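Values in this document were obtained by computation on a predicted structure and should not be read as measured data. Atoms within a ligand are numbered from 1 in the order they appear, just like the ligands themselves. Just so it is clear, the values below take in all heavy atoms, side chains as well, and ignore hydrogens, waters and symmetry mates.
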Amino acid sequence: MTQQPSMTSDADVRARVESLLTELTTPEKAGQLTQYFYLGFIRNEVADGAPSQPELVEAALTRGGVGSLLFLMDPAEINRLQRLTIEGNRLDIPALVGFDVIHGFRTIMPVPIAMAASWDPSIIEQGQAVAAREARSVGIHWAFAPMVDLARDPRWGRIIEGAGEDPYLASSVAAAQVRGFQGARLGSAERVVAGPKHFAGYGAALGGRDYDESNISDAELWNTYFPPFKAAIDAGAGTIMSAYMDLNGVPAAGNRWLLSDVLRDRLGFNGFVVSDAQAVHDLVTHHFAADLSDAAGRALHAGNDMEMTFADPAFDHLTAAVEDGRVSVETLDDAVRRVLAIKVRLGLFEEPYVDEDTAAEVLADPAHREVAKMAAQRSAVLLRNEGALLPLAVDQLNSIAVIGPLADSPRDTLGPWVFNYDLAETVTVLDGIKARVGDGVRVEFAPGVRPAQRRYPSMFDMWPDNSPVDPADFDDDDEVAKAVELAASSDVAVVVAGEWQNMIGEGASRCSLELPGRQLELIQAVVATGTPVVLLIMNGRPIDLRWPAEHVPAILDIWYPGTHGGHAVAALLFGDDSPGGKLPFSWPRTGGQVPIIYNHTRSHDPENQGRRYWDIESTPLFPFGYGLSYGRFRYHDLTLSSDSVSPDNTITVSATVTNSSGRAAEEVVQLYLHQRYGTSSRPVRELKGFERVAVEPGASVTVEFTVGPAERSYWSAATHDWVIDASVFDVWVGGDSTAGLQATFTVTPA
Ligand code: BGC
């Protein structure tokens with residue numbers, strides 16, 4: 001167990017920081033603001049004589065030139081480098097060790113978009129607490145997570161790392177993750193510092209192309225893109241990562257309006273800002289800064305306190321930038337203060353080293369696997385269940401065909417952005433089904449198709465297992481025929497289809513949403529056998545499911561479900577638990593509809609669907625908030641505490657949900673709001689409350705929400721400020737964003 005730091009009061013922290021600051025020289029201060037990747041695995045891959053990247057970092061360590069390190073996972077290695085750091089600087093200041101702990105460290109949770117689909121802040125918090133405990137056990141102090149970028153264009157691969165399209169849901173998910181990582185406060189035992197990213201607007205990349213510019217109006221920034229950051233800051237996040245791209249023509253890492261006026265002055269952030277990898281260098285790449293010295297000065301002046309870099313830090317030029325007046329000593333000192341304050345709060349000075357023996361025990365904790373399994377169960381979304389095909393009754397089955405290469409791929413079961421996983425303990429869908437049904441049922445597997453491949457390689461290919469292996473001697477027609485034959489001779493076929501994990505994530509945008517490779521053909525051939533088909537979708541973005549949504553009776557979105565994903569999926573398939581997840585985005589019919597969001601404003605011709613596109617419906621395939629259940633829910637008795645309030649007042653909205661099925665199940669009760677007129681046009685409806693509730697068979701649960709000034713206020717481009725209008729409001733409560741149970745109230749003028 002990591003000890004609590006002895007000094008935690010604000011005054012103590014300040015005194016310690018000030019005493020260090022007075023001792024530091026300008027180059028040493030710049031060192032505190034420099035974060036290096038340590039890429040140990042490329043040590044042997046450089047040309048004769050040239051220093052390798054790790055050697056460059058170690059040289060910087062021994063001259064006090066490093067404040068933080070990233071990409072280390074081994075406790076002994078972390079201790080070794082920490083020793084070099086401390087010995088290398090006069091004041092024994094330890095390095096802060098950061099890592100991309102995105103959805104688990106050794107125990108892999110479902111991917112972040114899946115966790116958001118649970119609409120369950122409690123399991124999200126538990127998941128990140130497990131990740132924090134494992135990471136901290138090896139000596140990592142800081143997670144570059146949560147990613148709280150809103151994403152409304154699923155072509156953008158990083159949609160998988162966030163919470164989807166809606167600012168209210170995303171804010172709640174962001175705050176839960178920060179609580180999970182950090183615990184009650186910065187410096188809590190077995191926790192890490194959270195690093196929400198990427199401030200701000202990265203998810204609006206033009207065309208969904210990763211790193212491309214974002215052009216976002218002020219109203220959109222304040223109403224849509226900033227709120228999840230605000231929620232993370234209010235939850236106490238210690239750091240924020242700035243983004244790569246140009247926001248409205250100014251690169252985020254050099255954008256003073258963004259990083260100082262908004263982030264610090266308006267959103268109240270008082271931790272430190274780290275750049276994204278090489279993003280200070282990028283100020284030159286973007287043709288914004290003249291050279292690295294200009295980049296360093298402008299990044300720091302903008303409010304970007306720490307530079308993340310592979311080598312050749314721009315911040316090595318900070319001494320010159322201070323000397324020539326490009327950046328003030330006060331600005332430099334403020335940045336150093338923020339970094340040192342976190343090191344003091346974490347207790348790093350008292351305990352810079354990690355206990356190498358306890359890590360193995362923490363990483364093996366079976367309780368962590370239980371959390372991962374529960375998270376996977378809670379995040380699955382049932383998209384279709386014609387004729388109540390699901391749940392399957394084990395006692396009525398003799399045989400199950402499990403089809404599709406993703407059904408038995410441990411690496412893909414985990415999803416992208418994981419590095420310390422153990423494939424041997426990963427439970428695939430095939431493993432999970434076999435374990436659940438036991439010996440009495442014949443379970444056979446046929447891949448049917450070969451794994452699809454990216455046209456261009458992935459930036460993560462330097463890690464083993466990242467790209468699926470193209471099997472030798474694979475006869476495509478023959479394999480489809482085998483899968484079809486297996487399906488035809490089985491009682492039910494479970495087909496797993498989706499994207500391979502290297503097709504989604506950073507640097508993994510795509511222009512179409514179709515199932516890659518020959519998977520649709522495979523699904524069609526299996527359906528044609530007449531055997532009932534359950535389709536499991538493994539994904540981090542919506543996929544074009546127009547054909548399956550008409551022809552496959554049961555479709556369950558299992559995302560990339562993590563270490564114990566197969567067990568979770570089996571529990572849902574066989575009815576040990578009911579799916580209760582809901583979509584965190586509107587699911588388009590096809591890529592050409594993108595972006596499609598539920599909370600758009602009304603148009604000139606709101607009712608006329610056929611004037612939007614003449615060749616396709618203007619509605620999504622599945623709406624935001626949608627997800628079926630084995631329970632049967634009916635909403636009724638929507639009541640308001642009052643039908644008229646003044647602008648400062650709050651009304652209480654309650655509604656009852658009844659489960660008329662014979663099964664216990666959970667439902668996410670959602671509240672949507674719409675303002676009929678005001679200073680700006682307002683969205684047709686906006687999520688303003690939700691609660692995931694358990695409802696016993698035949699029982700009812702009444703849920704209460706409050707709608708007050710916070711739910712009604714918005715930033716208007718008419719006044720360039722926040723407003724709360726007197727108006728008429730519609731409120732709906734139901735199980736998705738098309739909820740029909742509606743009431744009205746009036747907000748009277750003040
Ligand atoms: C990503 C960040 C990540 C960083 C460090 C960057 O390419 O954009 O999200 O934290 O790398 O791995």
Side-chain angles (χ1 to χ4, degrees), residues 34-42 53 57 67-73 96-105 111-113 128 131 135 140-151 156-163 174 177-178 181 192-205 208-214 228-229 232 237-247 251-253 272-283 285-286 304 306-311 313 415-420 457-463 466 502 504-509 540:
T34 303
Q35 180 187 51
Y36 277 97
F37 278 83
Y38 186 88
L39 304 174
F41 55 88
I42 63 172
Q53 194 272 349
V57 179
S68 175
L69 289 165
L70 81 147
F71 248 89
L72 292 159
M73 310 190 259
L96 199 57
V97 179
F99 196 80
D100 287 290
V101 186
I102 308 297
H103 56 110
F105 184 68
V111 291
I113 192 81
Q128 296 303 34
I140 291 165
H141 312 123
W142 172 20
F144 304 125
M147 190 197 90
V148 303
D149 292 312
L150 257 273
W156 189 55
R158 302 196 80 170
I159 185 174
I160 191 174
E161 290 175 59
Q177 293 198 70
V178 171
F181 281 125
V192 296
V193 183
K197 64 190 187 186
H198 309 80
F199 197 67
Y202 183 26
R209 292 179 292 272
D210 207 1
Y211 313 136
D212 270 16
E213 71 205 73
S214 296
F229 284 97
T239 74
I240 296 264
M241 187 184 290
S242 58
Y244 275 131
M245 75 304 137
D246 278 348
L247 174 64
F272 74 82
V273 174
V274 64
S275 78
D276 204 336
Q278 293 298 95
V280 180
H281 277 240
D282 282 351
L283 298 183
T285 312
H286 281 290
N304 198 113
M306 183 181 275
E307 177 188 13
M308 181 192 288
T309 187
F310 295 101
W417 270 124
V418 291
F419 305 96
N420 200 278
S458 154
M459 62 187 281
F460 293 103
D461 281 346
M462 62 181 93
W463 271 273
N466 191 57
N502 70 338
I504 181 123
E506 185 173 358
S509 293

Query raised in the report: How about Phe144 and Phe99: are their ring centroids closer than 6.0 Å?
Result: no
Report task. Only heavy atoms count here, so choose which of Val101, Asp100, Asp210 is nearest to atom 5 (C) of ligand 1. Result ->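 Looking at heavy atoms only, Asp100 sits closest to atom 5 (C) of ligand 1.
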Query raised in the report: With distance as the sole test, does His198 use its side chain to make a donor-acceptor pair with the main-chain N or O of Met241 at under 3.5 Å?
Result: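 No.
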Query raised in the report: Short question: side chain of His286, backbone of Tyr244 - any donor-acceptor pair under 3.5 Å?
Result: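 Looks like yes, one N/O pair under 3.5 Å.
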Query raised in the report: Excluding sequence neighbours, so at least two apart, what forms side-chain hydrogen bond (donor to acceptor under 3.5 Å, both in side chains) with Ser458?
Result: Asn466
Query raised in the report: Which residues pass the side-chain hydrogen bond (donor to acceptor under 3.5 Å, both in side chains) test with Gln35, sequence neighbours left out?
Result: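 Result, side-chain hydrogen bond (donor to acceptor under 3.5 Å, both in side chains) vs Gln35: Ser68.
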Query raised in the report: So is Met241 close enough to ligand 1, meaning a heavy atom under 4.0 angstrom away?
Result: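 The answer is yes, since Met241 has a heavy atom less than 4.0 Å from ligand 1.
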Atoms of ligand 1 less than 4.0 Å from [X] heavy atoms?
| X | result |
| --- | --- |
| Arg158 | 1 (C), 2 (C), 8 (O), 9 (O) |
| Glu506 | 1 (C), 6 (C), 7 (O), 8 (O) |
| Phe71 | 12 (O) |
| Asp276 | 1 (C), 2 (C), 3 (C), 4 (C), 6 (C), 7 (O), 8 (O), 11 (O) |
| His198 | 2 (C), 8 (O), 9 (O) |

Query raised in the report: Hey, does Asp100 have a side-chain heavy atom less than 4.5 Å from the side chain of Lys197?
Result: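 Contact flag for Lys197/Asp100 side chains = yes.
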Query raised in the report: Looking at ligand 1, does any of its N/O atoms fall within less than 3.5 Å of an N/O of Lys197?
Result: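 Among all N and O atoms of Lys197, at least one is under 3.5 Å from an N or O of ligand 1.
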Query raised in the report: Has ligand 1 got any nitrogen or oxygen that is less than 3.5 angstrom from a nitrogen or oxygen of Tyr244?
Result: yes
Query - Aromatic ring pairing Phe419/Trp417, orientation class (parallel under 30°, perpendicular over 60°, tilted between) - result: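 Ring orientation of Phe419 relative to Trp417: perpendicular.
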